[in-house]
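One structure is given below, encoded as structure tokens.
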There are 2 protein chains.
Amino acid sequence: MRVNFSKEDFNVAIATSVVLYGFDGDDLKILIAEKAGEPFAGAHILPSSVVHINEDPEDVAIELMRRITGSADWPIEILNAFAEVYRNPEGRVVNVAYYGTLQLNETLSQDLLRSEYKWVKVNDIPPLAFDHNKIVDYSRERLKRRVKRRPIGFSLLPKEFTMNQIQRLYECALGRDLDKRNFRRKLLKSELLLETDHFVRSSAKARRPSALYKFDEKKYRSLTLRGYDFVYQ
Amino acid sequence: MRVNFSKEDFNVAIATSVVLYGFDGDDLKILIAEKAGEPFAGAHILPSSVVHINEDPEDVAIELMRRITGSADWPIEILNAFAEVYRNPEGRVVNVAYYGTLQLNETLSQDLLRSEYKWVKVNDIPPLAFDHNKIVDYSRERLKRRVKRRPIGFSLLPKEFTMNQIQRLYECALGRDLDKRNFRRKLLKSELLLETDHFVRSSAKARRPSALYKFDEKKYRSLTLRGYDFVYQ
DNA sequence: AATACTTAGTGTAAATTTAACACTAAGTTC
DNA sequence: GAACTTAGTGTTAAATTTACACTAAGTATT
């Protein structure tokens, strides 16, 4: 079998885009940017970057996240290549897309507010340039699957979180309501949660404080080694 | 946010490879080819093709399958982009890989025997050139997941098949043994199988003939519309 | 200090699904 | 007709899932 490239075949560029998920306690959100420069100046796009000829798309995606959030330590996972002809009017561009999750906190939110980025609720995503809406849809399907099989939700929550927060997160990711008692039972049975002795008042209005839990990473690592599957149907 | 390509960025080529699965009743196999021409002349590779500047990788993958098998009607699904730097010594190449399933039959098997392709058992795959082993591993994970959620197995079986054949196929895809009684019950409960009034003798040695079943595509389509999920854990 | 208010947190029972397990049935060959 | 080979079948226990409504604990108001 012959696979021969000619000089004209080397005329494609690589870009990478990242669907960055954050959860503010109420809503699951993704980060979008406003495009500067033609084509599509002013349009909304996913955070994106050119991948130069000697760069690895994953490294570029990680660097992109570092530029945006100040940290490169957020988990990311490759989504797919989006490589249809004419997706970019500048020339043939293959987009190697990733998605990542991060823990929203006040500082990060404030920094981003002053930047060219903004958070939009996943149920309220505006039209994006290129085929970025397709990439977002693809990433949501992936997140839905991941959240069912791996306790990936923890990477979106602060170190300590309430049962209601994590349930709300799962409801956002799965797009349906879950029963409070069944959810708690299932999560506690997994033994991936450690109870702390901390409590918070969740909002200004009067109410009972919630117990805070944290994720047992050590336990998770030992379980994954044994081929553990965290299932939430 | 600025995403500007310069002239030097357009110096990448696209290739596509296809992991083509076939099932002969006993073993799950994939098709590999022998590479002609440098680099890696004589090495084993996945069926692959250059994607020219104005072509869609999916179209090229479909055409590749048509060239190999004589038919373009096999289901394929995109796997991912494999885009690490230096995966191809000829230059920067992004491989947009697919996997497909086909029904092995005598004619097809004979034609392929006389060609540059050969079937190898999935548990017995030789070292492949480039990062094609990585692509194969990725496709096996995908097939394992798919077989659990969608009755994708049917696309690997002949029109009419025995319970033992489909169970063997599931065992190959999942990599573990399944209980005969539980497997049959589960499959029949899904109501995706129609019993035919045909029987076959599975091998030369004396034994009782097996009943033949076929896949109820109409039922499947009506179920998928309602968001049906065929689950085999 | 009592009351109203708000959200946190808890248990049980029925239905369904999964898992484990061994024998009989039907045809072929000798 | 006896021996052989693979096809095909049911039951029971355990685990999981689902549905469902009230009490607990604190805050704010009077």
Side-chain angles (χ1 to χ4, degrees), chain A residues 24-26 147-149 151 157-158 160-171 174-214 223 227-233, chain B residues 24-26 147-149 151 157-158 160-171 174-214 223 227-233:
Chain A
D24 66 4
D26 289 315
V147 110
K148 284 182 183 180
R149 314 293 300 189
L157 293 165
E160 303 194 339
F161 48 85
T162 69
M163 276 289 185
N164 289 310
Q165 285 174 327
I166 190 168
Q167 180 177 345
R168 174 77 187 148
L169 171 58
Y170 270 69
E171 288 175 337
L174 297 174
R176 63 189 166 91
D177 288 346
L178 300 171
D179 180 272
K180 187 157 62 156
R181 281 166 289 192
N182 295 339
F183 182 83
R184 281 167 194 243
R185 182 176 21 240
K186 187 144 195 174
L187 242 67
L188 290 174
K189 190 165 66 78
S190 79
E191 297 190 300
L192 289 170
L193 293 193
L194 294 172
E195 204 169 349
T196 70
D197 52 2
H198 304 157
F199 293 83
V200 276
R201 279 179 63 196
S202 322
S203 86
K205 284 251 179 172
R207 81 161 158 300
R208 178 176 174 179
S210 303
L212 286 168
Y213 293 82
K214 59 184 180 183
L223 287 171
Y228 169 77
D229 235 5
F230 172 85
V231 176
Y232 205 95
Q233 295 287 355
Chain B
D24 66 4
D26 290 315
V147 111
K148 285 183 184 180
R149 314 293 300 190
L157 292 165
E160 302 194 342
F161 48 85
T162 68
M163 275 290 186
N164 288 311
Q165 285 174 327
I166 189 168
Q167 180 178 345
R168 173 78 187 147
L169 170 57
Y170 270 69
E171 289 175 338
L174 296 175
R176 63 190 167 92
D177 289 347
L178 300 171
D179 180 272
K180 188 157 66 156
R181 281 166 289 193
N182 295 338
F183 183 82
R184 281 168 194 242
R185 183 176 20 241
K186 188 145 195 173
L187 241 67
L188 290 173
K189 191 164 64 78
S190 80
E191 296 190 300
L192 288 171
L193 292 193
L194 294 172
E195 204 168 350
T196 71
D197 51 3
H198 304 158
F199 292 83
V200 278
R201 278 181 64 196
S202 322
S203 88
K205 284 251 178 175
R207 81 162 159 300
R208 178 177 175 179
S210 303
L212 286 167
Y213 292 82
K214 58 184 181 184
L223 286 172
Y228 169 75
D229 237 3
F230 173 86
V231 177
Y232 205 94
Q233 294 287 357

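Note on naming: letters A, B, ... go to the chains in the order of the sequence lines (proteins, then strands), and numbering restarts at 1 for each one. Small disclaimer: the values here were computed from a predicted structure and weren't measured.
Side-chain N/O atoms of B/Asn164 include none lying less than 4.0 angstrom from OP1 or OP2 on D/dT6. Neither OP1 nor OP2 of D/dC20 sits under 4.0 Å from any side-chain N or O of A/Arg181.
Scanning both residues, B/Pro151 and B/Tyr170, for their nearest heavy atoms gives CA-OH, 4.1 Å. In plain terms, the two heavy atoms of B/Tyr213 and B/Met163 that are nearest each other are CE1-CG, 3.6 Å. Closest non-hydrogen pair, B/Pro209 versus B/Phe199, comes out as CB-CB, 4.0 Å. Of all heavy-atom pairs spanning A/Leu212 and A/Thr196, the tightest one is O-OG1, 2.7 Å.
Atom CZ in B/Arg168 sits roughly 14 Å away from atom P in D/dT6 (whole-Å rounding). Rounded to an integer number of Å, the gap from CZ of A/Arg208 to C1' of D/dA25 is 5 Å. In this entry the distance linking NZ of A/Lys189 with C1' of D/dA14 reads 12 Å, nearest Å. Rounding to whole angstrom units, CZ of residue A/Phe199 and C1' of C/dG9 are separated by 11 Å. Nucleotide C/dT18 holds its P atom 18 Å from the CZ atom of B/Arg184, rounded to whole Å. Between the NZ atom of A/Lys180 and the P atom of D/dT17 there is a distance of 21 Å, rounded to whole Å. In this entry the distance linking CE of A/Met163 with C1' of C/dT7 reads 16 Å, nearest Å. The nearest whole Å value for the distance from the CG atom in A/Leu188 to the P atom in C/dT10 is 8 Å.
Remark on the helix from C/dA1-D/dT30 to C/dC30-D/dG1: inter-end axis angle 0°, axes from five-pair C1' superpositions, rounded to 10°.
Annotation: salt bridge (Lys or Arg N to Asp or Glu O under 4.0 Å) contacts of A/Arg168 (sequence neighbours excluded): A/Asp27. Every residue two or more places apart in sequence or in another chain was checked for a salt bridge (Lys or Arg N to Asp or Glu O under 4.0 Å) with A/Asp26, and none qualifies. Partners of A/Thr162 under the side-chain hydrogen bond (donor to acceptor under 3.5 Å, both in side chains) rule, at least two apart in sequence or in another chain, do not exist in this structure.
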Each nucleotide N or O in nucleotides 12-16 of chain C that has a protein N or O under 3.5 Å away: list the pair and distance.
from	atom 1	to	atom 2	distance (Å)
C/dT12	O4	A/Arg185	NH1	3.2
C/dT12	O4	A/Arg185	NH2	3.3

Every protein N/O within reach of nucleotides 2-4 of chain C N/O, cut-off under 3.5 Å:
none

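Proximity of a side-chain donor or acceptor of B/Gln167 to a complementary backbone N or O of B/Leu178 within less than 3.5 Å is detected.
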Quick one: do B/Leu187 and B/Leu192 satisfy side chain to side chain contact (heavy atoms under 4.5 Å, CB included)? Show the steps, please. CA-CA 7 Å; B/Leu187 241 67; B/Leu192 288 171; over 6 Å; no

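None of A/Lys186, A/Arg184, A/Arg185 except one satisfies the side-chain hydrogen bond (donor to acceptor under 3.5 Å, both in side chains) rule with A/Asn182; the exception is A/Arg185. For the side-chain hydrogen bond (donor to acceptor under 3.5 Å, both in side chains) test with A/Glu160, the passing option among A/Lys214, A/Gln165, A/His198 is A/His198; the others fail.
Among the atoms of the strands shown, base atoms are found under 4.0 Å from some heavy atom of B/Asp179.
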